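All remarks here apply to the structure that follows.
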Amino acid sequence: MYDNPRLVIDSSNPPEPGSIVWRSPSNIAIIKYWGKYGLQLPRNPSLSLTLASSFTDTSLEYAINDNPSGSGIDLEFYFHQEENEAFKAKIQAFLETLAPVFPFLKQLKLVIRTGNSFPHSAGIASSASAMSALALCLCSLEDMLFGTLQEPDVFDRKASWVARLGSGSACRSVFPHAAVWGETQHVKEASNEYAVPVGDLIHDTFKDFHDDILIVSSDEKSVSSRAGHALMDGNPFAETRYAQARQRLPVLLDAMRTGDLDTFGKIAEDEALTLHALMMCSNPSYLLMQPGSVAIIEKVRAYRQATGRPLYFTLDAGPNVHLLYPGEIIHEVRAFIEEELKKYCENGRYQEDWVGEGPEEM
Ligand code: PMV
């Protein structure tokens with residue numbers, strides 16, 4: 001879609017060395033993407049809230065390479081100031097797949113320095129923030145060299161498309177407040193290729209909205225998301241699940257437009273439990289919740305029953321519980337976490353997060 005052989009640096013007029021820095025947040029899916037085909041294309045549309053305090057900072061330094069090796073990309077890579085061979089290999093392979101999109105990358109020496117606002121071992125997925133930050137840096141570099149992405153919408157769409165190739169869910173991190181990724185007739189220009197912003201379609205309640213991430217376990221994931229998506233191909237409930245997501249997207253959008261927290265919360269919780277149920281009945285089966293996750297879910301439901309307060313949960317493909325609630329009940333919820341939920345968290349840890357304004361160029 002974005003292959004462009006014209007994006008080549010004129011060697012008689014090379015750019016001065018420079019650097020580009022982006023901060024990009026993670027996102028939390030309310031309707032989940034689980035199941036894909038082709039090149040990271042989703043089986044169903046998903047909707048996420050863009051977060052704020054869980055982010056990745058990435059700087060991309062570039063200089064013309066006087067001795068390009070021909071095939072490869074010349075890359076130095078640092079994660080939290082240290083060389084990291086495993087991450088470097090992944091990023092290098094990713095950049096090489098992007099050669100037809102950004103042919104100029106092979107003409108440069110690149111140094112990438114990246115780091116997260118949360119500890120790598122926190123069990124918080126970092127691929128969405130990391131891949132969106134990198135995609136934004138690459139699009140800024142293209143624009144700096146060729147002036148081809150001057151229109152903000154054109155820039156964002158390409159960044160979302162590139163981020164998707166790095167990690168599907170990353171394509172939704174490019175936009176403020178909320179984004180939809182995947183074909184649906186209910187959102188203008190929605191596509192499987194990139195996400196589109198839906199922040200303008202939602203009630204202010206969801207712009208002053210919180211997602212406190214209760215770290216039940218910081219262990220490495222027992223199943224990678226690549227393997228998890230692949231398991232959907234043999235799952236007997238797969239088609240029913242994709243249809244369910246397609247049908248509930250307009251229901252969720254309507255609830256988010258009107259500020260209907262009750263409907264929002266029902267869908268959010270059902271989506272989380274459906275994702276986990278699908279993993280439980282995959283072959284092989286995975287049980288990704290831990291006793292602490294279940295205890296927290298039961299406490300949240302009991303709290304809602306007792307107080308009537310709009311406190312809901314969602315889960316990623318792991319044991320940590322995300323608490324979703326509007327800003328107006330923050331004091332009550334934080335007291336509830338401290339008194340009743342923190343004891344289920346590893347070392348009492350949780351990450352306070354909230355709906356944010358999207359990525360920032362630094
Ligand atoms: O982007 P991936 O391939 O890591 O998949 C993410 C899948 C979930 O986080 C479980 C759901 C989602 O839509 O973000």
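This one's a predicted model, so the numbers in the text were calculated from it and none came from an experiment. We count residues from 1, following the sequence as given. Counting convention: from 1, in listed order, for ligands and their atoms alike.
Hydrophobic clustering of Ile, Leu, Val, Met, Phe, Trp and Tyr side chains at less than 4.5 Å, counting indirect connections, unites Phe77 with Leu105.
Ranking the protein heavy atoms by distance from atom 2 (P) of ligand 1 puts Ser225 OG, 3.5 Å first. Nearest to atom 8 (C) of ligand 1 among the protein's heavy atoms is Tyr33 O, 4.0 Å. Considering only non-hydrogen protein atoms, atom 6 (C) of ligand 1 sits nearest to Ser169 OG, 3.9 Å.
Taking every non-hydrogen atom of Arg172 and a distance limit under 4.0 Å, the qualifying atoms of ligand 1 come out as 12 (C), 13 (O), 14 (O). Near His229, with a cut-off below 4.0 Å to any heavy atom, the atoms of ligand 1 are 2 (P), 3 (O), 5 (O). Interface atoms of ligand 1 facing Trp34, defined by a heavy-atom separation under 4.0 Å, are 7 (C), 10 (C).
Checked for salt-bridge contact, Glu271 and Lys32 miss the test: no charged N lies under 4.0 Å from a carboxylate O.
Contacts of Gln40 with ligand 1, taken as heavy-atom pairs under 4.0 Å, are absent altogether.
Using modelled atom types, one finds a donor on one side chain and an acceptor on the other under 3.5 Å when comparing Ser54 with Asp353. Thr58 and Thr114 share a side-chain donor-acceptor pair at under 3.5 Å.
The shortest N/O to N/O separation between Asn27 and ligand 1 does not fall below 3.5 Å.
Screening Asn320, Leu315, Val321, Val216 for a side-chain contact (heavy atoms from CB on, under 4.5 Å) with Met289, the sole residue that qualifies is Leu315.
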